[in-house]
Amino acid sequence: MRLVLVGPPGAGKGTQAVFLAAHYSIPHISTGDIFRANIKNETELGKLAKSYTDAGNLVPDSVTNEMVRDRLTWDDAQNGFLLDGFPRNVAQAEYLRAILAEKSTPLDAALEFSLENSEIIRRLTGRRTCRGCGSSFHIEFEKPAVDTICDKCGGELYQRPDDSEEVIANRLSVYADQTAPIISFYRNEGLLITIPALGEVSEISTRAIAALSAAVN
Ligand code: AP5
């Protein structure tokens, strides 16, 4: 299965990606997670990406495209992958189509998670992220056993700098202007599957897997 997840910030792409990647035994490749790991490790890529991610703007395509091209050459991605957070504009979608065409391994589907802005803001302002393993929790919907500690690895939970209300507003505007056009792109390619993203996490995973099973051989 070669899959991209599309949807506004906070729609639950990362949450669903964990289930889908396990279900299809494919790697979960999140460009946001790769940037955050590089920022944490203070690499050159991290230093470059930080000002963009903190403000909720897109990291330049020249950097992001190369990073994804390289990641897709790893052994674990040769029999399928799930891309979460890439592509993020039409130029990235065209780039991805071109690199997959070189290997005659086109995408199977683009799975869009749709959610209203009021719910997005509720999810993002309440999200807590683990500094250790990157897992997401929520102060209301996915409470950790201890407020500041990750249930999975014992790492410290923090609020992402881009989860402040001001930065969320910019991320939503960047999504509407730059990312939403990829929905038409994938519709025209015959790859788009749209899933309503309101409801229990497990319900949404079930919907997504049923829709993928019906659409992809
Ligand atoms: P990235 O990390 O990709 O951020 P994003 O797309 O804004 O997505 P999020 O991680 O915020 O949300 P999500 O949809 O994964 O939701 P989640 O599952 O966590 O990118 C960050 C930055 O990196 C970008 O702004 C940009 O600067 C840069 N970047 C990344 N990719 C790039 C690219 N391709 N090009 C250029 N720049 C790029 O869920 C959110 C919360 O809701 C959690 O707390 C969760 O527990 C909760 N939740 C999830 N599902 C449910 C549910 N069903 N009910 C209730 N709560 C739920």
Side-chain angles (χ1 to χ4, degrees), residues 4-21 28-39 45-46 48-69 71 82-93 95-96 111-130 134-144 150-152 157-164 167-180 182 195-208:
V4 297
L5 301 191
V6 182
K13 302 180 297 297
T15 302
Q16 294 301 325
V18 172
F19 293 99
L20 294 171
H28 168 201
I29 302 173
S30 157
T31 42
D33 285 350
I34 299 174
F35 287 133
R36 281 184 288 279
N38 276 276
I39 291 167
L45 173 62
L48 186 150
K50 186 171 168 38
S51 61
Y52 296 97
T53 60
D54 281 359
N57 293 320
L58 297 188
V59 178
D61 289 354
S62 53
V63 174
T64 310
N65 285 347
E66 265 317 297
M67 184 176 91
V68 171
R69 176 193 269 278
R71 181 62 185 84
L82 182 160
L83 278 169
D84 162 14
F86 185 94
R88 208 76 162 216
N89 58 32
V90 171
Q92 292 183 4
Y95 181 84
L96 179 64
L111 196 59
E112 178 204 2
F113 291 103
S114 68
L115 194 64
E116 287 191 358
N117 281 2
S118 55
E119 181 67 14
I120 287 173
I121 292 164
R122 204 165 157 211
R123 287 191 186 178
L124 290 179
T125 51
R127 173 166 57 186
R128 296 295 179 270
T129 304
C130 176
S135 295
S136 277
F137 295 85
H138 193 280
I139 54 171
E140 223 182 312
F141 308 126
E142 183 80 43
K143 277 169 84 74
C150 173
D151 287 348
K152 294 181 185 153
L157 298 182
Y158 77 112
Q159 185 167 27
R160 277 173 40 178
D162 56 346
D163 280 347
S164 68
V167 180
I168 292 168
N170 186 47
R171 289 163 68 197
L172 288 172
S173 142
V174 168
Y175 180 79
D177 294 345
Q178 299 182 50
T179 307
I182 69 175
I195 304 288
L198 191 62
E200 293 292 323
V201 169
S202 60
E203 241 178 78
I204 296 162
S205 309
T206 304
R207 269 179 223 158

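Sequence positions, counted from 1, serve as the residue numbers for this chain. Each ligand, and each atom within it, is numbered from 1 in the order the structure gives.
Contact of the I195 side chain with the S114 side chain is not registered, since no non-hydrogen atoms from C-beta on lie closer than 4.5 Å.
Using a 4.0 Å cut-off between heavy atoms, F113 makes no contact with ligand 1 at all. Within the 4.0 Å heavy-atom criterion, neither part of R128 lies near ligand 1. When non-hydrogen atoms are compared, ligand 1 lies under 4.0 Å from the backbone of V59 as well as from its side chain.
Geometrically, ligand 1 and D33 share no nitrogen or oxygen pair separated by less than 3.5 Å. Annotation: G199 places an N or O atom under 3.5 Å from an N or O atom of ligand 1; distance criterion only. In terms of polar-atom proximity, defined here as any N/O pair under 3.5 Å, R127 does make such a contact with ligand 1. At under 3.5 Å, a nitrogen or oxygen of Q92, whether backbone or side chain, sits near a nitrogen or oxygen of ligand 1. Checked by distance only, ligand 1 and R36 come closer than 3.5 Å through their nitrogen or oxygen atoms. Among the atoms of P87, none of the N or O lies under 3.5 angstrom from an N or O of ligand 1. At under 3.5 Å, a nitrogen or oxygen of R88, whether backbone or side chain, sits near a nitrogen or oxygen of ligand 1. At least one N/O-N/O distance between N57 and ligand 1 falls below 3.5 Å. Annotation: F86 places no N or O atom under 3.5 Å from an N or O atom of ligand 1; distance criterion only. Backbone and side-chain nitrogen or oxygen atoms of G10 are examined, and one is located within less than 3.5 angstrom of a nitrogen or oxygen of ligand 1.
For atom 56 (N) of ligand 1, the closest non-hydrogen atom on the protein side is F141 CD1, 3.3 Å. Ranking protein heavy atoms by distance to atom 44 (O) of ligand 1, first place goes to F137 O, 2.8 Å. Closest protein heavy atom to atom 11 (O) of ligand 1: R171 NH2, 2.5 Å. Annotation: atom 16 (O) of ligand 1 to nearest protein heavy atom, G12 N, 3.3 Å. What sits closest to atom 8 (O) of ligand 1 on the protein, heavy atoms only, is K13 NZ, 3.3 Å. At the shortest separation from atom 15 (O) of ligand 1 among protein heavy atoms lies G14 N, 2.8 Å. Of the protein's heavy atoms, F35 CE1, 3.6 Å lies nearest to atom 38 (C) of ligand 1.
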Test side-chain contact (heavy atoms from CB on, under 4.5 Å) applied to T64 and F86, step by step: CA-CA 9 Å; T64 310; F86 185 94; 3.8 Å; yes

Evaluation steps, side-chain contact (heavy atoms from CB on, under 4.5 Å), between F19 and V201: CA-CA 10 Å; F19 293 99; V201 169; 3.6 Å; yes

Could you go through Y175 and R88, starting from their C-alpha distance and side-chain angles, then the distance that decides it, and tell me whether this counts as side-chain hydrogen bond (donor to acceptor under 3.5 Å, both in side chains)? CA-CA 8 Å; Y175 180 79; R88 208 76 162 216; over 6 Å; no

Test L83 against L5 for side-chain contact (heavy atoms from CB on, under 4.5 Å), laying out the working first. CA-CA 6 Å; L83 278 169; L5 301 191; over 6 Å; no

Run N89 and T179 through side-chain contact (heavy atoms from CB on, under 4.5 Å) and show every step you take. CA-CA 5 Å; N89 58 32; T179 307; 5.7 Å; no

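Side-chain atoms of Q92 and D61 include a donor-acceptor pair closer than 3.5 Å.
When the heavy-atom distances from atom 33 (C) of ligand 1 to G85, G126, S202 are ranked, the shortest goes to G85. Between atom 52 (C) of ligand 1 and the options E142, E200, M67, R123, the minimum heavy-atom separation is to R123. Nearest to atom 45 (C) of ligand 1 by heavy atom, out of I39, V167, D162, T15, is T15. In this structure, of T53, L5, T31, the residue bringing a heavy atom nearest to atom 22 (C) of ligand 1 is T53.
At least one heavy atom of R160 sits closer than 4.0 Å to an atom of ligand 1. Residue contacts with ligand 1: S136 is included, with a non-hydrogen atom under 4.0 Å away. Within the 4.0 Å heavy-atom shell around ligand 1 one finds L124.
Side-chain atoms of H28 do not come within 3.5 Å of backbone N or O of L20 as any donor-acceptor pair.
Close approach of ligand 1 to I204 (heavy-atom distance below 4.0 Å) involves ligand atoms 53 (N). Numbered from 1 in the order shown, with element, the atoms of ligand 1 that lie under 4.0 Å from a heavy atom of T64 read 33 (C), 34 (N), 35 (N), 36 (C). Set against the non-hydrogen atoms of G32, the atoms of ligand 1 under 4.0 Å away are 1 (P), 2 (O), 20 (O), 30 (C).
Residue V4 comes nearest to P87 through the heavy atom pair CG1-CD, 4.0 Å, listed as atom of the first residue, atom of the second, then distance. Heavy atoms only, all atoms of each residue included: F137 and P144 are closest at CD2-CB, 4.0 Å. Contact record, I182 with V90: CG2-N, 3.6 Å, taken as the closest heavy-atom pair. Here the shortest heavy-atom pairing between P161 and V167 reads O-CG2, 4.1 Å. For the pair S136 and R127, the tightest heavy-atom approach, listed with the atom from each and the gap, is OG-CD, 3.5 Å.
For Q159, the CD atom counts as densely surrounded, since its 6.0 Å shell holds more than 12 non-hydrogen atoms of other residues, nucleotides or ligands.
Cation-pi check for K50 over F35 is not met; the charged atom does not lie both under 6.0 angstrom from the ring centroid and within 45 degrees of its normal.
Ion pairing between a basic and an acidic side chain is recognised when a charged N comes within 4.0 Å of a carboxylate O; R122 and E140 show such pairing.
R171 pairs with exactly one of N57, D163, T53 by the side-chain hydrogen bond (donor to acceptor under 3.5 Å, both in side chains) rule, that one being D163.
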